[in-house]
Amino acid sequence: MTTATRTRIDAVIDTLPTRLSIGGHEVDSADGRTFAVHDPSTGDRFIEVADAGPADCLAALDAATATQPGWARTPARRRAEILSRAYDLVIERGAELALLMSLEMGKAIGESRAEVAYGAEFLRWFSEEAPRIQGRYTHAPAGGGRILVTKEPIGPVLAITPWNFPLAMGTRKIGPALAAGCTMIVKPAEDTPLTLMVLARIFADAGLPPGVLSVLPTTRAPELSHTLTADPRLRKITFTGSTAVGKRLIAQAADQVLGTSMELGGNAPFLVFDDANVDDAVDGALAAKMRNGGEACTAANRFLVADSIRDEFTAALAQRVSALRVGAGYDEDTQLGPLVNQRQLDRVHGLVRDAVARGATTLTGGRQLEQPGHFYAPTVLTDIPADARVLHEEIFGPVATVTGFDDESDAIAAANATEYGLAAYVYTNDLNRALRVAEALDAGMVGINRGAISDAAAPFGGVKQSGLGREGGSEGIEEYLETKYIAI
Ligand code: NAD
């Protein structure tokens with residue numbers, strides 16, 4: 001790290017919030033507990049933050065409940081202006097937020113900058129959606145009455161977010177909830193709590209009334225979710241994270257019949273047909289696999305390539321992957337940062353070891369880097385037996401697996417042979433095939449000749465065990481609205 005980078009990081013750390021944000025105040029946790037946040041590029045602790053417990057959860061819910069009626073009555077135009085101001089502030093403070101994300105999560109600084117733009121976009125998009133919440137007025141078909149349908153905010157919401165996109169996974173929930181007129185309690189991931197703690201300050205500066213948004217970093221996630229989902233004042237839970245935790249939260253939500261939105265795991269197939277442009281497909285593969293170090297729910301998990309072009313594709317991919325510059329997230333020339341923590345590093349290496357033990361071939365990588373921090377060499381595997389865990393579990397790391405297929409129906413069957421259904425990618429120059437395959441894939445999102453698909457204006461979400469509901473697009477705000485029918 002250069003001295004200039006160290007100085008800039010120290011300056012960011014000096015200004016960071018370290019306490020819970022509840023009811024418009026920054027406060028210590030009621031029981032005084034704190035926890036350390038680490039830099040994955042070195043493994044070193046760089047700050048200690050408050051650790052919310054059950055009393056803090058109830059205080060945040062008191063604030064959310066007290067402010068809910070007033071926020072719901074706030075004119076949509078005013079809610080939109082606050083979101084729009086928050087968008088401007090995120091962009092203004094983008095350099096600081098990007099450095100912070102590289103520091104707490106490890107992603108390459110270029111990707112952090114891209115996340116600032118992407119994450120902020122949800123605030124802008126939903127500022128534009130807030131004044132466009134629609135109802136309808138019709139005559140009852142049988143006559144003698146009128147049907148008035150309106151939308152109302154669902155009520156106080158709990159949002160739980162993962163560590164892989166520390167800003168965007170928050171704004172994707174906060175933007176639509178605030179636009180809809182809901183108050184919200186956010187629990188950021190324990191590895192990366194700081195970005196959303198800073199965002200709480202940004203919203204205060206943007207004029208959000210105190211109590212509408214609380215941010216509770218904690219190491220006690222199960223206690224937090226049990227405390228809040230057991231309280232009838234909470235009306236909704238929105239979660240992004242693993243399918244295993246999502247299932248637990250759906251079960252917990254049943255007690256109070258809470259609304260749930262679930263953005264869960266993925267096992268994205270990336271299909272390359274023999275009529276595709278191989279260079280384009282390799283570019284797309286790099287984006288779909290190595291973006292965010294592979295730590296993305298939309299990351300391509302399985303490259304399925306037509307047998308006739310498989311060797312050409314695999315060789316080009318291995319060459320590009322092995323040339324990636326691995327380093328600390330905040331160093332300017334880094335293309336691939338560390339994994340977020342030792343647990344993820346061990347998990348990814350375990351998947352590679354399992355595949356190799358069953359007979360897979362490692363074309364490049366396949367090992368941890370011997371240096372401080374949680375670095376894994378970018379990896380390409382081929383000749384992978386069908387029962388290798390790496391083909392069935394979400395990899396969430398810089399490991400590409402390539403297998404061949406014979407014809408289109410085999411490719412579709414292989415792509416769909418998973419309990420997940422989030423993203424899928426198709427490379428082909430045949431428009432009929434592109435549409436036919438996209439329609440046949442069990443996925444909430446399909447990229448055609450594109451390795452990156454996320455867009456605040458598009459509905460993001462999965463089918464099967466990848467989740468319930470959509471974020472972004474015109475669909476995103478619906479998750480935070482209830483329909484009321486008034487008979488006249
Ligand atoms: P995770 O499920 O371990 O944790 C996600 C969040 O849930 C964290 O904030 C964690 O503290 C919290 N949590 C864990 N146990 C909990 C409990 N019992 N009660 C309440 N909260 C609890 O997932 P992760 O490792 O942080 O994130 C990676 C996962 O997220 C991957 O599976 C990835 O696919 C998924 N993800 C999905 C999307 C999507 O939009 N579909 C986006 C990003 C990440």
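As the structure lists them, so they are numbered: ligands from 1, and atoms in each ligand from 1. Counting from 1, the numbers follow the sequence of the chain as shown.
Below 4.0 Å from some heavy atom of F239 lie the following atoms of ligand 1, by number and element: 2 (O), 5 (C), 6 (C), 7 (O). In summary, the atoms of ligand 1 found under 4.0 Å from a heavy atom of T240, numbered by their order in the structure, are 5 (C), 36 (N), 37 (C), 38 (C), 39 (C), 40 (O), 42 (C), 43 (C), 44 (C). Taking every non-hydrogen atom of L422 and a distance limit under 4.0 Å, the qualifying atoms of ligand 1 come out as 41 (N). Which parts of ligand 1 touch N164 is read off a 4.0 Å heavy-atom cut-off, strictly below it: atoms 43 (C), 44 (C). Close contacts between ligand 1 and A189 involve ligand atoms 9 (O) [criterion: under 4.0 Å to a heavy atom]. Counting the atoms of ligand 1 from 1 in the order shown, those under 4.0 Å from a heavy atom of P162 are 26 (O), 27 (O), 43 (C), 44 (C). Against a heavy-atom cut-off of under 4.0 Å, I160 is close to the following atoms of ligand 1: 6 (C), 7 (O), 9 (O), 12 (C), 20 (C), 21 (N). Counting the atoms of ligand 1 from 1 in the order shown, those under 4.0 Å from a heavy atom of L249 are 19 (N), 20 (C).
The aromatic ring centroids of Y376 and H349 lie less than 6.0 Å from each other.
Ionic pairing of R93 and E96 is not present here: no N-O contact between side-chain nitrogen and carboxylate oxygen is shorter than 4.0 angstrom. Using a cutoff of 4.0 Å between basic side-chain nitrogens and carboxylate oxygens, R325 and D331 are not scored as salt-bridged.
Residue-to-ligand polar distances place S225 within reach of ligand 1: an N/O pair is separated by less than 3.5 Å. The N/O atoms of E263, backbone and side chain alike, include one that comes under 3.5 Å of an N/O atom in ligand 1. Geometrically, ligand 1 and K187 share a nitrogen or oxygen pair separated by less than 3.5 Å. Of the N or O atoms in E394, one or more lie within a sub-3.5 Å distance of an N or O in ligand 1. The shortest N/O to N/O separation between F165 and ligand 1 does not fall below 3.5 Å. Between T161 and ligand 1, at least one N/O pair is under 3.5 Å apart. Between S466 and ligand 1, no N or O atom pair is found at a separation short of 3.5 Å.
Protein heavy atom closest to atom 35 (C) of ligand 1, with residue, atom name and distance, is G241 O, 3.1 Å. Atom 16 (C) of ligand 1 has its closest protein heavy atom at V245 CG1, 3.5 Å. Nearest protein heavy-atom neighbour of atom 1 (P) of ligand 1: S242 OG, 3.6 Å. Looking only at protein heavy atoms, the nearest one to atom 41 (N) of ligand 1 is L264 O, 2.8 Å. At the shortest separation from atom 40 (O) of ligand 1 among protein heavy atoms lies R172 NH2, 2.7 Å. At the top of the distance list for atom 42 (C) of ligand 1, counting protein heavy atoms only, stands C297 SG, 2.9 Å. Regarding atom 25 (O) of ligand 1, its nearest protein heavy-atom neighbour is W163 NE1, 3.0 Å. Atom 22 (C) of ligand 1 has as its closest protein heavy atom A221 CB, 3.5 Å.
At a 4.0 Å heavy-atom cut-off, ligand 1 touches M169 through the side chain alone. With a 4.0 Å cut-off on non-hydrogen atoms, T243 does not touch ligand 1 at all.
Both tests do not hold together for K464 against Y420: distance to the six-membered ring centre under 6.0 Å, angle to the ring axis within 45°. In this structure, R172 is positioned above the aromatic face of F460, its NZ or CZ under 6.0 Å from the six-membered ring centre and within 45° of the axis.
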For this session: For the pair T238 and K173, evaluate side chain to side chain donor-acceptor pair (under 3.5 Å) and give the outcome as yes or no after the intermediate values.
Result: CA-CA 7 Å; T238 171; K173 300 181 184 305; 2.9 Å; yes

Problem set entry | Verdict with supporting geometry, T229 and Q256, side chain to side chain donor-acceptor pair (under 3.5 Å) | CA-CA 7 Å; T229 55; Q256 304 286 342; over 6 Å; no

For this session: Applying side-chain contact (heavy atoms from CB on, under 4.5 Å), run through T362 and V356 and close with a yes or a no.
Result: CA-CA 7 Å; T362 309; V356 171; 3.5 Å; yes

Exercise. For R233 and D62, what are the C-alpha separation, side-chain angles and deciding distance, and is it a salt bridge (charged side-chain N to carboxylate O under 4.0 Å, His left out)?
Worked result: CA-CA 9 Å; R233 293 175 299 168; D62 289 346; 2.7 Å; yes

Exercise. Given S29 and D56, is the side chain to side chain donor-acceptor pair (under 3.5 Å) satisfied, shown in steps?
Worked result: CA-CA 6 Å; S29 62; D56 307 305; 4.5 Å; no

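Between F122 and F126, the ring planes lie parallel to each other; the angle is under 30°, not in the 30° to 60° tilted range. Taking the six-membered ring for Trp and thresholds of 30 and 60 degrees, F313 and F270 have ring planes inclined between 30 and 60 degrees apart.
A donor-acceptor contact shorter than 3.5 Å is absent between the side chain of D51 and the backbone of F35.
Protein non-hydrogen atoms do not reach within 4.0 Å of atom 4 (O) of ligand 1.
For the salt bridge (charged side-chain N to carboxylate O under 4.0 Å, His left out) test, no residue two or more places apart in sequence or in another chain qualifies with R470.
Just one residue in the list R220, Q252, K187 forms a side-chain hydrogen bond (donor to acceptor under 3.5 Å, both in side chains) with S225, and that residue is Q252.
Nearest approach of A424 to A443, heavy atoms of both residues: CB-CB, 4.0 Å.
By the 4.0 Å heavy-atom criterion, F460 is counted among the residues contacting ligand 1.
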